[in-house]
K.L.:
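Quick one: the structure is below, and I'll ask about it shortly.
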Amino acid sequence: MVRRFPFGTDRPHTERSPGIGLAFCPECSIKYNHLRQLDPLVWEVSPMTVSSYEDSYLYRLRHSAAHLMAQALTELYPGIKLAIGPPIENGFYYDVDAPTTIREEDLPKIEARMKELSKLDQRIVRIVAADRNEARTKILEETTLGQGPEVAEYKLLLLEAVPEGEDVSFYDQQRTDRAGTHHRFIDLCRGPHVDTTKEIKHFKLMSIAGAYWRGDVKNKQLTRIYGTAFESAEELETYLHNLEEAKKRDHRILGRELGLFMFSPRVGTGLPLWLPKGAMLRDTMTTFMKEEQLKRGYDPVVTPHIANIKLYEKSGHVITFREKMFPFMEDDEKETFILKPMNCPFHIEIYQSQMRSYRDLPIRYAEFGTVYRYEQSGEVTGILRARGFTQDDAHLFVRPDQLLDEFIGVVDLMKTVLSRLGLTDFRARLGTKDPASSKYIGHDDNWTAATAAIEQACQKIGMEYFISPGDAAFYGPKLDLIIKDALGRDWQMGTVQVDYNLPERFELEYIGEDSKPHRPVMIHRAPFGSLERMIGLLTEQYAGAFPFWLAPVQIAVLPIADRHVEYAAALAQSLRLDHKYRVHLDDRRETLGKKIRENQLQKIPYMLIIGDRDIENGTVGVRSREDGDLGAMPLQDFLSKIDG
RNA sequence: GCCGAUGUAGCUCAGUGGUAGAGCAGCUGUUUCGUAAACAGCAGGUCACCGGUUCGAAUCCGGUCAUCGGCUCCA
């Protein structure tokens, strides 16, 4: 691909490796990797995609920024143990085991030292060890920079993890000062890096966090320092600005501003209270889903919020999730009850309440079931991760020969739902069993069959997915829809799970054509995932400006003066009763300007302004959320406008 | 649960050892208005909570709780 760029809008970012620069097209906001310069104005380029971020200059720059930070940390905190420091989606981090606590107030100091080190124009040189022994010696003698072998603790562990036959490389940041003394900072690293520290100019250290060595909670917790780096000051500035803007879209802020939901410490962590407008939103979404499900042959059921614990002992949930359940309701003399953490066992009970024939299947039980899970304190995040939430749950009991079609039907429903909600930016994740873990129940044969069913269904319906080992439910593999929030964090939304194991545990049966008992397969599914998480995410996606069909208030009627209130009230009531719109009458004695401002900030799709002229002519003054004042029009014209 | 940060009026925030502040919101009055904030007045806080240091603490120290950013986890 050859593309011509206006002079000055592109640039090779490193003279020493001209083949891998980056170009930016300002008109189309697309970044390109430039492959080759054909003449002064023309580069051969390829569009930069997510998968090639790893090959980009930016990726190397951030990786080098992590090393630069490690160098500063090594100087400022003698005895610090370096672990790993990779580039990540929006920057980089380095995990360290520091001799003293590093606080956020220390970041400016570290940043300042990085700036100095950057300016020293240290050459970054790749060194490949001849063999493992030499690598080991280098780690112990050179990367420790005379601080003693103990600072190499994590690097030695990393060396063991380098696959046999792969080069073991080091990157050395070296310079010679005016007195002629040679300085170096050498770190075990696969690379690649930029050529000199001077290239690392536009960076910022963002935050400090704890992170377990190798991501395992049983290991020591290290200190992780996050930073970001860009190729230009403008890009860094834009990134930081966008981050601030994204925070304004945070569902927790909009939830309060728009009157959707609230939390109260007197109620409890992670237990949302739904306010009138939020409750309206829930109703609209629930109604939509119920209608879709009725079209597709689901049967509604309703089950209690608590149950005898024995039910969950049988399902296997108590053993796996005891610590994540709300405290049990115990009475030594009587039964023990628990708040339900999920709905499956109830639907299984309903299935088992009578003999099922092969002719009855598939059976699809749907319920908006509110469940309670005692998430760890640090895990609760507004309504995206609450301790009480409502799943748009259903369980399908199907014959093995129906599994594929039923699974496809569910994926089709999910696609319908996503498209109706206007969510286009999602990924599908196939969570499979991690062979190394012992948390999974059931025979391998079942797991293989279930996983194959999902893959087959996805292929048939053209759903692209990526495989994530270890992300299965404990009873079966699953296909999850992953969507990002305003801050770019991934959230699991809708889910479909194929389950051979609970039917076995509960000894579910149906009588086949051959008059013999057979075992059904279960599909667990929730297209939204939960109402709470989906509403939180939609709030961020739309920045609170919900599409007309979802908006809790669709139309605000604004009388200009007291004498218009009666007419406006009648109009509002007619819109409610005759046209089934959700209408708010703003009859406060405020100026029109103020009412317009406030209803606009409430992101109401349409305002109808009523004054003398409108009453006289039978018109309404229409103001749209997106396009502002549309002027006066006959009511009928407004109605046909919003109907279309 | 762990690491780091934050907690002052309903909201957004100022106040670094000496009598708690502003804007918006609220209330009262005036204004009756044509497309993003009328005007005036009033009221509102155990400075998250508990303990300590001090003649004196919103401010310094310790603990607890909640929230935020991560880590781990997510049936």
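Reckoned from all heavy atoms, side chains included, excluding hydrogens, waters and symmetry mates. Per chain, numbering begins at 1; letters A, B, ... match sequence-line order.
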K.L.:
Should the side chain of A:Y374 and the base of B:G1 be counted as holding a donor-acceptor pair, with the cut-off at 3.5 Å?
P.N.:
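Looking at the base of B:G1, it does not pair with any donor or acceptor on the side chain of A:Y374 (distance under 3.5 Å).
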K.L.:
Using the benzene-type ring in the case of Trp, are the ring centres of A:H524 and A:Y475 under 6.0 Å apart?
P.N.:
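When the ring centroids of A:H524 and A:Y475 are compared, they turn out to be within the sub-6.0 Å range.
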K.L.:
Ignoring backbone atoms, test whether A:K478 places a side-chain nitrogen or oxygen under 4.0 Å from the OP1 or OP2 oxygen of B:A75.
P.N.:
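Looking at the OP1 and OP2 atoms of B:A75, one of them is under 4.0 Å from a side-chain N or O of A:K478.
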K.L.:
Spell out yes or no: do the side chain of A:Q600 and the base of B:U35 have one donor N/O and one acceptor N/O closer than 3.5 Å?
P.N.:
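It does not, because no donor-acceptor pair links the side chain of A:Q600 to the base of B:U35 below 3.5 Å.
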K.L.:
When all nucleic acid strands are considered with a 4.0 Å heavy-atom cut-off, which category describes A:G593: base, sugar-phosphate, or nothing?
P.N.:
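Answer is sugar-phosphate: A:G593 comes under 4.0 Å of backbone atoms only.
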K.L.:
Does OP1 or OP2 of B:G34 have a side-chain N or O of A:R613 closer than 4.0 Å?
P.N.:
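Checking B:G34 against A:R613, no side-chain N or O comes under 4.0 Å of OP1 or OP2.
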K.L.:
Is the phosphate of B:G70, meaning OP1 or OP2, less than 4.0 Å from a side-chain N or O of A:R489?
P.N.:
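Indeed, a polar side-chain atom of A:R489 lies that close.
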K.L.:
When you measure from the side-chain N and O atoms of A:R266 to the phosphate of B:A48, is any distance below 4.0 Å, counting only OP1 and OP2?
P.N.:
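So the side-chain polar atoms of A:R266 never come under 4.0 Å of the phosphate oxygens OP1 or OP2 of B:A48.
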K.L.:
Please classify the nucleic acid contact of A:V380 as base, sugar-phosphate, or nothing, using heavy-atom distances under 4.0 Å.
P.N.:
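Counting heavy atoms under 4.0 Å across all strands, the contact made by A:V380 is with sugar-phosphate only.
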K.L.:
Whole-Å distance between B:C74 C1' and A:L384 CG?
P.N.:
13 Å
K.L.:
When you measure from the side-chain N and O atoms of A:R387 to the phosphate of B:C74, is any distance below 4.0 Å, counting only OP1 and OP2?
P.N.:
no
K.L.:
What is the distance from CG of A:D106 to P of B:G4, rounded to the nearest Å?
P.N.:
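Taking atom P of B:G4 as the reference, CG of A:D106 is at 11 Å.
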K.L.:
Does A:S207 put a side-chain nitrogen or oxygen below 4.0 Å from OP1 or OP2 of B:G4?
P.N.:
no
K.L.:
Under a 3.5 Å cut-off for both contacts, is B:A5 paired Watson-Crick or G-U wobble with anything, and if yes, with which nucleotide?
P.N.:
B:U67
K.L.:
Which sits closer to the 5' end of RNA chain B, A:D471 or A:R597, going by the nucleotide each is nearest to?
P.N.:
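Counting from the 5' end, the first nearest nucleotide belongs to A:R597.
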K.L.:
Report the distance from atom CG of A:L571 to atom CD of A:E566, rounding to the nearest 0.5 Å.
P.N.:
13.0 Å
K.L.:
Look at the side chain of A:D614 and the base of B:G34, then say whether one donor and one acceptor between them are separated by less than 3.5 Å.
P.N.:
yes
K.L.:
Expressed as a whole number of angstroms, how long is the span from A:D490:CG to B:C73:P?
P.N.:
15 Å
K.L.:
CZ of A:R588 versus C1' of B:C27: gap in Å, rounded?
P.N.:
15 Å
K.L.:
Whole angstroms only, please: what is the CD1-C1' distance between A:I253 and B:G69?
P.N.:
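Taking atom C1' of B:G69 as the reference, CD1 of A:I253 is at 13 Å.
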K.L.:
How do A:A472 and A:R224 order along RNA chain B: which one's closest nucleotide is nearer the 5' end?
P.N.:
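It is A:R224, whose closest nucleotide lies nearer the 5' terminus.
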K.L.:
Which part of the nucleic acid, if any, lies within reach of A:R252 when heavy atoms closer than 4.0 Å are counted: base, sugar-phosphate only, or nothing?
P.N.:
sugar-phosphate
K.L.:
May I have the distance from A:E598 (atom CD) to B:A37 (atom C1'), rounded to whole angstrom?
P.N.:
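A:E598 atom CD is separated from B:A37 atom C1' by 8 Å.
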K.L.:
Is the terminal nitrogen or CZ of A:R62 (NZ for Lys, CZ for Arg) located under 6.0 angstrom from the six-membered ring centre of A:F92 and within 45° of that ring's axis?
P.N.:
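Verdict for A:F92: no cation-pi partner in A:R62.
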K.L.:
Establish, with yes or no, whether the OP1 or OP2 oxygen of B:C71 is under 4.0 angstrom from a side-chain nitrogen or oxygen of A:K220.
P.N.:
no
K.L.:
What does A:A209 touch in the nucleic acid at a heavy-atom separation under 4.0 angstrom: a base, only the sugar-phosphate, or nothing?
P.N.:
base
K.L.:
Think A:T381 has a side-chain N or O under 4.0 angstrom from the OP1 or OP2 of B:C68?
P.N.:
no
K.L.:
What is the nucleic acid contact for A:T223, judged by heavy atoms within less than 4.0 Å: base, sugar-phosphate only, or nothing?
P.N.:
nothing
K.L.:
Looking for any heavy atom pair under 4.0 Å, which part of the strands does A:G628 touch: base, sugar-phosphate only, or nothing?
P.N.:
nothing
K.L.:
Does A:K594 place a side-chain N or O at less than 4.0 Å from the phosphate oxygens OP1/OP2 of B:A25?
P.N.:
yes
K.L.:
Is there a donor-acceptor pair under 3.5 Å between the side chain of A:R533 and the backbone N or O of A:R385?
P.N.:
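Side chain of A:R533 to backbone of A:R385: no pair is present.
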K.L.:
Cationic tip of A:R387 within the cone over A:Y374's six-membered ring, i.e. under 6.0 Å and within 45° of the normal?
P.N.:
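Yes.
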K.L.:
Answer yes or no: does a side-chain N or O of A:R256 lie under 4.0 Å from OP1 or OP2 of B:U12?
P.N.:
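Checking A:R256 against B:U12: at least one side-chain N or O falls below 4.0 Å of OP1 or OP2.
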K.L.:
Under 3.5 Å, is there an N or O donor on one side and an acceptor on the other linking the side chain of A:R103 and the base of B:C3?
P.N.:
no
K.L.:
Side chains of A:Q492 and A:R429: any donor to acceptor distance under 3.5 Å?
P.N.:
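Yes, A:Q492 and A:R429 have a side-chain donor paired with an acceptor closer than 3.5 Å.
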K.L.:
Using a 4.0 Å heavy-atom cut-off across all strands, classify A:P341 as base, sugar-phosphate, or nothing.
P.N.:
base
K.L.:
Please determine whether a side-chain nitrogen of the Lys or Arg among A:D490 and A:K484 lies less than 4.0 Å from a carboxylate oxygen of the Asp or Glu.
P.N.:
yes
K.L.:
Rounded to the Å, how far apart are A:E104 CD and B:C68 C1'?
P.N.:
10 Å
K.L.:
Respond yes when some side-chain nitrogen or oxygen of A:T591 is under 4.0 Å from OP1 or OP2 of B:C33, and no when none is.
P.N.:
no
K.L.:
May I ask you to say what A:K439 touches in the nucleic acid, namely base, sugar-phosphate or nothing, with a heavy-atom cut-off under 4.0 Å?
P.N.:
sugar-phosphate
K.L.:
Roughly how many Å is it from CG in A:D216 to C1' in B:G1, rounded to a whole number?
P.N.:
14 Å
K.L.:
Under 5.5 Å between ring centres and under 30° between planes: does that hold for A:Y475 against the base of B:A75?
P.N.:
no
